[in-house]
Every structure is written in structure tokens, then in C-alpha cells.
Amino acid sequence: MKRNVYLAAALLAGLAACDNEPSFRVEGTVTGSADKMLYFEHSGLEGVTCLDSTRLNDNGTFQFSQARPESPEFYRLRVEDKVIHFSVDSTETVRISARYDQFGTGYQIESSESNRKIQELTRLQANLQTQVNKVSASGLPAGIARDSLQALIRRYKDEVKRNYIFVEPNKAYAYFALFQQLNGYMIFDPLNNKDDVKCFAAVATSLNNLYPHADRSRNLYNMVIKGMKNTRTPQVKEVSLPTDIVRETTIIDIPLMDIKGETRHLTDLKGKVVLIDFTAYQNTLSGAHNLLLRELYNKYAAQGFEIYQISIDADEHFWKTASDNLPWICVRDPQGPYSSYLNIYGVTQLPALFLVNRANELSARLGEKDNLEAAIQKLL
């Protein structure tokens, strides 16, 4: 008898543990929607998956619950072909109120700032689609219509870049902005448009810093690498440093502290091929730049390749946060843009790249049009 009591208690405890699993809720009302089906769906990397559904009553009330995601994820409510998008990254409660005839754009949402921004982006995209439809149906000559459409899309992208992507690339709404569509095609092109690749890179870098093991972080990173390869013009060019810099037989040392407070020396890296990189993490191009370096580092580190990255960011906390998950040596000059090393190495713009051979000798200075990988391979 006692054994049965213990088993029952254990079963109840197990059920309670399941009930206590961290979760989030989505609740609200959809008026004017009696007897219609409301679907709660997950917008994942592999497509849209239905998680739950309910038939709405006269009041239009609904409530769904789901396990909390480990990193920001995207979900949607759908009635017929009308959709409301939102993101979740905690055990929050997302409250949504909408009318059936305005479902998708005219809803009210009580949730995070990201979800309010997602609503703004949804409205902007809907307005763009309306304008595009008008131009398409205007009967204008093909050339004029094409120019008008390109102007509309260019203005839209400029606004979204300025107000949603670069302003806070670590937010869920910045990620959402990257994947908006027009007539079934992505507005931002991550594979063939160099400027658009920079947008993806900014968000990818932020996501990788916050959620390095998340599927979305890895997927976005891979997209950026492909885009950078597609839009990069391969050129091989021998570049020499000014004689006043290379007349020394060894490297000009740069002893600076890393994020752990340890002083790192270039002279300690003798025997390795070293890429010296003067950079600023707060530069909008830093994300794309670091993703390129990460690809090279992953590929050649085992062969004796190292990166010595020097930040001249004025904000020490920002530097530490941005460089925390980078696998190479990250140091910072507290003098910032007034760093004496900028003058010593003749740096006039960022990023600035220098290669050091295995003998700890300065070998080359590389510009943005040089084939960095070919130069590294040559020294390895």
C-alpha cells in the first residue's frame, strides 16, 4: 500500500515539474471572427509549423501557451490568410487585440519593444506593397515603371536600415527586417548586394555575441559568408610597406591589455603568421569585417595563423562586450583614436591590416581590394 502511495506521489511530482517548465503565453481577442479558426504558428528556419489552434467564439477570446525558446524566436497568429507576426525571448505574456477585418496590421499588442517595432515594419511593408501594386497597374512605360519601382524600394531600404537595422542590430526586430518580402522576394538580398550583406553582417555579429550556439546565429553567419564571397572582387596584389616602417628586421611591438587584463605582445607570437588588425567595433562595417576574419581564422588557425586585433574604441565596456566571443587576441589602446600606434604604423583609415611572417617580421600592408586569404596562404 505504501509503495503505491509513493508511486502516486512521484507521478504527481513529475507532472508538477512539467507544469513548471518555463513557458510563455499568447492571449487576447479577435472581434468579428465568430466561428473562424485561429492558428498559432512557429516561423522557424525550416518553414512555418502549426503549434496549436482554436475555433473562436462570439467573444473572439483565445489563449495559447508554449515552452520558452532558448534564444529569440518568431511566431505568428493566422486567421485564413491574414497574419500577425511577433517574437518571444522570455516567459512573457503577449497580449494581442485585433478586429478580423484589420487583422495583420491594425492590431494592438502589449509586449516588448521589439514586437511594436515588428508591427511598424509590417505596416511599412504593407504600404510599400500597395505603392508597388499601383505603379505596376499604372500603365506607365516599362522603363519609367522600373525606375519608379527601384526608387520606392531604395527609399524603403534606406529607411529600414537607418531606423531598424543599424540602430539596434542585436534586437529581434532588426532580424525580422532582414527577411521581409515583396511579391514573394526578399527586399534585402543577402547573397548578391554588397550593401545588403553589410546589414546582414551587423545583425549576425550581434546575434553571435549574444547567442553563439543558436541555430539562427549560425544560419545568418553562413549567409553572410556566402554573400561576402559572392560580392568580393578577387584581386592578388603585392603590397609593400613604406621603407621607414620595414627597415627594422623585427616587428614594432604593441604591448596592450586584452579583456582579461593580461598584457599581450606581438613579439610573443614569433613562429606564427600574424594578422595585425587596427579596428573600431563601433564602426557599422565592423560586423562584416569580423565575420570575414572569423572565416579565415577557423580555416588557418591550426596551421599557425593568429590575429592580433587592436581596438581604438573609446568605450571600453562596448569593446569588451563586442570582443568577448572572438577566438583571436583582442586588445584595446586606451588612447583610442589618439593612439600613438596609429602614427607608428601609418594608419589613416579603419580597418587597417598588416601581415607578419613567422620570423616576426612585418611583411605587408593590405588594402580592402587585396586578396587577404592569398596573402596569408603565401606566408603559411
Side-chain angles (χ1 to χ4, degrees), residues 43 45 72 74 76 83-87 104-105 112-138 140-209 216-217 219-233 280-292 368:
S43 298
L45 292 174
F74 295 86
R76 67 185 209 173
V83 174
I84 293 175
H85 297 277
F86 59 95
S87 68
T105 55
S112 64
E113 177 66 15
S114 272
N115 282 329
R116 286 189 284 274
K117 295 289 187 180
I118 287 174
Q119 183 181 27
E120 291 176 11
L121 285 162
T122 300
R123 288 172 173 168
L124 286 172
Q125 187 275 337
N127 182 55
L128 174 63
Q129 184 69 67
T130 299
Q131 294 180 66
V132 167
N133 291 344
K134 287 180 179 179
V135 172
S136 300
S138 64
L140 290 170
I144 297 176
R146 183 182 62 251
D147 292 344
S148 298
L149 291 174
Q150 289 177 347
L152 284 172
I153 294 171
R154 185 169 56 252
R155 285 196 295 270
Y156 179 86
K157 291 169 71 171
D158 288 344
E159 179 179 0
V160 171
K161 287 178 189 179
R162 183 176 61 254
N163 296 327
Y164 297 93
I165 294 177
F166 288 133
V167 67
E168 286 186 304
N170 60 318
K171 299 295 186 181
Y173 66 81
Y175 182 99
F176 179 84
L178 295 176
F179 293 92
Q180 287 192 295
Q181 296 187 359
L182 185 68
N183 291 333
Y185 294 94
M186 288 178 62
I187 297 172
F188 288 90
D189 183 353
L191 299 179
N192 303 295
N193 185 301
K194 192 170 185 178
D195 289 334
D196 291 357
V197 171
K198 293 175 184 177
C199 297
F200 279 79
V203 178
T205 302
S206 296
L207 273 185
N208 189 68
N209 286 336
R216 288 191 185 274
S217 299
N219 181 67
L220 201 60
Y221 168 78
N222 289 334
M223 292 176 69
V224 171
I225 292 301
K226 289 179 182 177
M228 292 175 69
K229 286 181 177 179
N230 290 347
T231 58
R232 186 168 57 206
T233 303
Y281 293 99
Q282 289 181 305
N283 189 313
T284 56
L285 302 180
S286 174
H289 177 65
N290 278 341
L291 286 173
L292 173 62
E368 61 179 20

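When reading the values below, keep in mind they use all heavy atoms of this one structure, side chains included, and skip hydrogens, waters and symmetry mates.
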Verdict with supporting geometry, N290 and N208, side-chain contact (heavy atoms from CB on, under 4.5 Å): CA-CA 11 Å; N290 278 341; N208 189 68; over 6 Å; no
Apply the test side-chain contact (heavy atoms from CB on, under 4.5 Å) to residues Y221 and L291: give CA-CA distance (whole Å), side-chain angles for both, the deciding distance (0.1 Å), then the verdict. CA-CA 7 Å; Y221 168 78; L291 286 173; 2.9 Å; yes
Would you check, one step at a time, whether the test side-chain contact (heavy atoms from CB on, under 4.5 Å) holds for L128 with I187? CA-CA 11 Å; L128 174 63; I187 297 172; 4.1 Å; yes
Could you walk me through whether K157 and N193 pass the side-chain contact (heavy atoms from CB on, under 4.5 Å) test, one step at a time? CA-CA 12 Å; K157 291 169 71 171; N193 185 301; 4.0 Å; yes
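Nearest heavy-atom pair across V160 and A177 is CG1-CB, 3.7 Å. Closest heavy-atom contact between A204 and V224: CB-CG2, 4.0 Å. Contact record, M186 with L178: CE-O, 3.6 Å, taken as the closest heavy-atom pair. Nearest heavy-atom pair, T122 versus G104, reported as atom, atom and distance to 0.1 Å: CG2-O, 3.6 Å. In plain terms, the two heavy atoms of M228 and L292 that are nearest each other are CE-CB, 3.3 Å. Taking all atoms of both residues into account, the shortest heavy-atom contact from S114 to K171 is OG-CB, 3.9 Å.
Taking CG of L191 as the start and CD1 of I225 as the end, the distance is 12.0 Å to the nearest 0.5 Å. Once rounded to the nearest 0.5 Å, the distance linking CD1 of I118 with CD1 of I84 reads 12.0 Å. Going from atom NZ of K117 over to atom CG of L121 covers 8.5 Å, rounded to the nearest 0.5 Å. S138 OG to L149 CG: the interatomic distance, rounded to the nearest 0.5 Å, is 8.0 Å. Note: D147 CG to L152 CG = 11.0 Å, rounded to the nearest 0.5 Å. Note that CD1 of I165 is 11.5 Å distant from CD of E159, once rounded to the nearest 0.5 Å.
There is no side-chain donor-acceptor pair under 3.5 Å between E113 and Y173. Residues Q129 and N133 bring a donor and an acceptor atom of their side chains to less than 3.5 Å of each other. Remark: the Y156 side chain and the Q180 side chain contain an N/O donor-acceptor pair separated by less than 3.5 Å.
In this structure, Y175 and F74 have parallel ring planes: the angle between them is below the 30° cut-off, well short of the 60° mark.
Residues I144 and S148 have side chains in contact (heavy-atom distance under 4.5 Å, counting atoms from C-beta outward). Taking the side chain as every heavy atom from C-beta outward, K161 and D195 approach each other to under 4.5 Å.
At distances below 3.5 Å, not a single donor-acceptor pair connects side-chain atoms of D196 with backbone N or O atoms of P190. With hydrogens and angles ignored, the 3.5 Å screen pairs a side-chain donor or acceptor of Q125 with a backbone N or O of Q181.
Using a 4.0 Å cut-off between a side-chain N of Lys or Arg and a carboxylate O of Asp or Glu, R123 and E120 do not qualify as a salt bridge.
The distance between the ring centers of F179 and F200 falls below 6.0 angstrom.
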